[in-house]
Amino acid sequence: MRVILASSEVVPYSKTGGLADVAGALPKALARIGCDISVVTPRYTGLGKRHGDVVHHETGELLFQDLRVPFAGGVKYASVWRDWQAGAPIYFIDNAEYFGHGYIYGSGNFDVERFAFFSRAVLELAKRLGAAPDLIHCNDWQTGFIPAYLATVYAQDSYFARTATLFTIHNLAYQGFFDPNLLPKFGFGWDAYEYGMEFHNSACSMKAGLYYATALSTVSPKYAQEIQTPEFGNNLDGLLRWRSGDLLGILNGVDYGEWNPETDTHLAANYGPHNLDAKLACKRDLLERYHLPVNLERPVVAIVSRLTSQKGIDLIIDAIWRILETDAYFILLGSGTDSYESYFQHVRDTAPNRVGVYFGFSTPLSHQVEAGADMFLMPSSYEPCGLNQMYSLKYGTVPLVRGVGGLDDTIHNFERTTGQGNGYKFYEYSADRLAEKYYEALLVYYDQDSWRKLQRNGMQADHSWERAAHEYVGAYQRVIAARRR
Ligand code: ADP
Ligand code: GLC
């Protein structure tokens, strides 16, 4: 089984969010269980760097400079680079016109054009590599054009006669809308628009993926259900209900090679479930990094997040003073919407001895926050999977979440009487419910034996990618068989 995974971001080369973590870790886990997996991603170059992006330019060896990509009424060329991660090749599509601007995502129609070009380049690269893939695993709207190209432009191309596609939704809210007048430029006919891409008089590459892929998946079982409802369906719930027989929910995993407090090189001290006292050294280090006076008795409540409404930032803002009144520290690492940043700056200026903020993107600091905090907030309005709550579990940092999507699948309320559970969750989208759960957690925080039990429950659970990799291989086999029928 030959599989190509296409993603617009891949750790450790590029990242704006969890998609990069998944596209970095899943292929390694697949390679370890014997799947022939290659990854294809853009090579982002150019000066400057956008807020919230991580981009590394060291991307292995240059393979060739003359990949021909039919596009924009002619042929455009790309260079192709290759690197390796744990036995899996990563191919980089290098084209300065589209990926040489120093950012991962820019804005508007140009982004759609960039990723339409990328999608077509993935197919041309697959042909150039000389062994037809059995399956192309596409991820989010940036790769929604791949199934559409295969079903239309390449429909008569015998090279892909047996190639199936799996389209994974990481976030249904980002849909890749564009002006339908661009379709000829991308090489599509009006048929493709009418059937597979038209969406409220606009064209939509997310819809293209959902419509044309052989099968669909998303990143948690709960989100797979939710997106079939109007509340979470972003107006695509009808299409998703129509395809519900082809839609799977496979929970993401954690790359414990990167995220393990026993081996993490970013930390002031390493610790595990059996020497939790060493976590205090990380707490001290974190408070010092944020220039806060050190009092290790007080709880540290933290978030590491894109600052967008998805992440329930409004609830945190509404509950922040109630949290601070309990003598807690509040620590934030994140970037995003300006109004959120300025509000948290105001909170920091009002309570400078209790609040620390860092607006930016820092991978080492994200590890240090996970290790140094006592509680981690994720009151998301929706959450396809969420990775930080699973990182928190491993780091003995108690997650307090809203029960949506992958958060509902992974976090279970702790009951002091039974000693069962790994965190705290509430359902109603309300700051009062968040505050109530926080007070409940706080009582347990001051009962050290129960808190230790709660921390260890989370630390000892196994959320490794191995389980998910086996689920994906099973899914790939079924999707390939479906295509051949
Ligand atoms: P999403 O993909 O919706 O942003 P996830 O929880 O799946 O949410 O993944 C977010 C990833 O991005 C995590 O690895 C998290 O640590 C990382 N991250 C988010 N914001 C920052 C930041 N400001 N600095 C460093 N890492 C961040
Ligand atoms: C998206 C989702 C997040 C998920 C990530 C990786 O960015 O918002 O919930 O964990 O993709 O699948």
Side-chain angles (χ1 to χ4, degrees), residues 17-18 21 252 254 258-261 264 266-267 271 273 276 279-280 282-283 285-287 289-290 298-308 310-313 315-317 319-320 322-324 326 328-334 344 354-358 362-381 383 385-414 421-426 431 433-435 437-442 444-445 451-452 454-459 461 463:
D21 291 348
N252 287 333
V254 175
E258 299 284 324
W259 292 94
N260 180 348
D264 192 329
H266 299 300
L267 307 188
Y271 63 93
L276 261 166
K279 185 173 162 67
L280 281 180
C282 298
K283 181 167 176 176
D285 176 62
L286 179 65
L287 292 169
R289 280 177 192 280
Y290 275 86
R298 292 176 170 173
V300 172
V301 179
I303 68 168
V304 176
S305 184
R306 291 184 293 115
L307 299 179
T308 64
Q310 172 191 348
K311 301 296 178 180
I313 306 299
L315 296 194
I316 296 176
I317 286 176
I320 188 79
R322 281 177 270 181
I323 292 172
L324 290 172
T326 66
Y329 293 103
F330 177 75
I331 280 185
L332 176 147
L333 165 61
F344 284 115
R354 215 73 72 58
V355 177
V357 293
Y358 180 92
S362 163
T363 297
L365 194 54
S366 69
H367 289 244
Q368 287 146 6
V369 174
E370 282 291 2
D374 296 297
M375 292 180 216
F376 195 93
L377 301 183
M378 273 180 97
S380 304
S381 63
E383 195 62 73
C385 178
L387 296 169
N388 275 113
Q389 82 279 16
M390 293 195 274
Y391 302 155
S392 297
L393 291 176
K394 186 68 178 175
Y395 282 68
T397 300
V398 172
L400 198 174
V401 310
R402 179 157 175 261
V404 284
L407 296 172
D408 202 30
D409 287 327
T410 52
I411 303 303
H412 309 289
N413 270 311
F414 181 70
N422 59 8
Y424 291 92
K425 76 174 160 190
F426 60 97
R433 297 293 94 74
L434 168 60
K437 274 293 161 191
Y438 168 71
Y439 296 138
E440 197 181 323
L442 196 63
V444 175
Y445 173 81
W451 192 254
R452 283 282 145 104
L454 166 56
Q455 287 176 298
R456 290 198 178 103
N457 286 354
M459 296 176 90
H463 288 284

Inter-residue atom distance [X].[atom1] - [Y].[atom2], 0.5 Å rounding:
X    : Y    : atom1 : atom2 : value
L287 : R289 : CG    : CZ    : 11.5 Å
I316 : L377 : CD1   : CG    : 5.0 Å
L400 : E440 : CG    : CD    : 9.0 Å
S366 : L387 : OG    : CG    : 11.5 Å
Q455 : S392 : CD    : OG    : 11.5 Å
R298 : Y445 : CZ    : OH    : 10.5 Å

Check each of T397, N422, T410 against Q389 using the side-chain hydrogen bond (donor to acceptor under 3.5 Å, both in side chains) test, and report the only one that passes.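 Exactly one candidate clears the test, T410.
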Please confirm whether the backbone N or O of [Y] pairs with a side-chain atom of [X], one donor and one acceptor, at under 3.5 Å?
X    : Y    : value
K311 : R306 : no
S362 : L365 : yes
K425 : D408 : yes
R354 : L324 : yes
R456 : P273 : yes
K279 : A373 : yes
N457 : G421 : yes
Q368 : H266 : yes

Do you know which two heavy atoms are closest between [X] and [Y], and how far apart they sit?
X    : Y    : result
V369 : A302 : CG1-CB, 3.6 Å
Y395 : Y271 : O-OH, 2.8 Å
L393 : P399 : CD2-CG, 3.7 Å
A319 : L434 : CB-CD2, 3.9 Å
D374 : K283 : OD2-NZ, 2.7 Å
S305 : I313 : OG-CD1, 4.5 Å

Can a side-chain donor-acceptor contact be found between Y438 and T326 if the only test is distance below 3.5 angstrom?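 On atom types as modelled, these side chains qualify, holding a pair under 3.5 Å.
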Can you list the steps and then say if Y439 with K437 is a side chain to side chain contact (heavy atoms under 4.5 Å, CB included)? CA-CA 5 Å; Y439 296 138; K437 274 293 161 191; over 6 Å; no
Apply the test side chain to side chain contact (heavy atoms under 4.5 Å, CB included) to residues Y290 and V355: give CA-CA distance (whole Å), side-chain angles for both, the deciding distance (0.1 Å), then the verdict. CA-CA 8 Å; Y290 275 86; V355 177; over 6 Å; no
Please test L276 against M459 for side chain to side chain contact (heavy atoms under 4.5 Å, CB included), starting from the C-alpha separation and ending with a verdict. CA-CA 10 Å; L276 261 166; M459 296 176 90; 3.9 Å; yes
Side chain to side chain, [X] and [Y], heavy atoms closer than 4.5 Å:
X    : Y    : answer
Y424 : N413 : yes
V444 : F414 : yes
L442 : M375 : yes
V301 : F376 : no

Given N260 and Y391, is the side chain to side chain donor-acceptor pair (under 3.5 Å) satisfied, shown in steps? CA-CA 8 Å; N260 180 348; Y391 302 155; over 6 Å; no
Run the side chain to side chain contact (heavy atoms under 4.5 Å, CB included) check on I331 and L286 step by step: do they pass? CA-CA 9 Å; I331 280 185; L286 179 65; 3.8 Å; yes
Whether W259 and H367 hold their rings parallel, tilted or perpendicular, with breakpoints at 30° and 60°: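 Answer is parallel, since the angle falls under 30°.
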Taking K394 first and then E370, would you say they form a salt bridge - that is, a charged N and a carboxylate O separated by under 4.0 Å?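 So K394 does not pair with E370 through a salt bridge.
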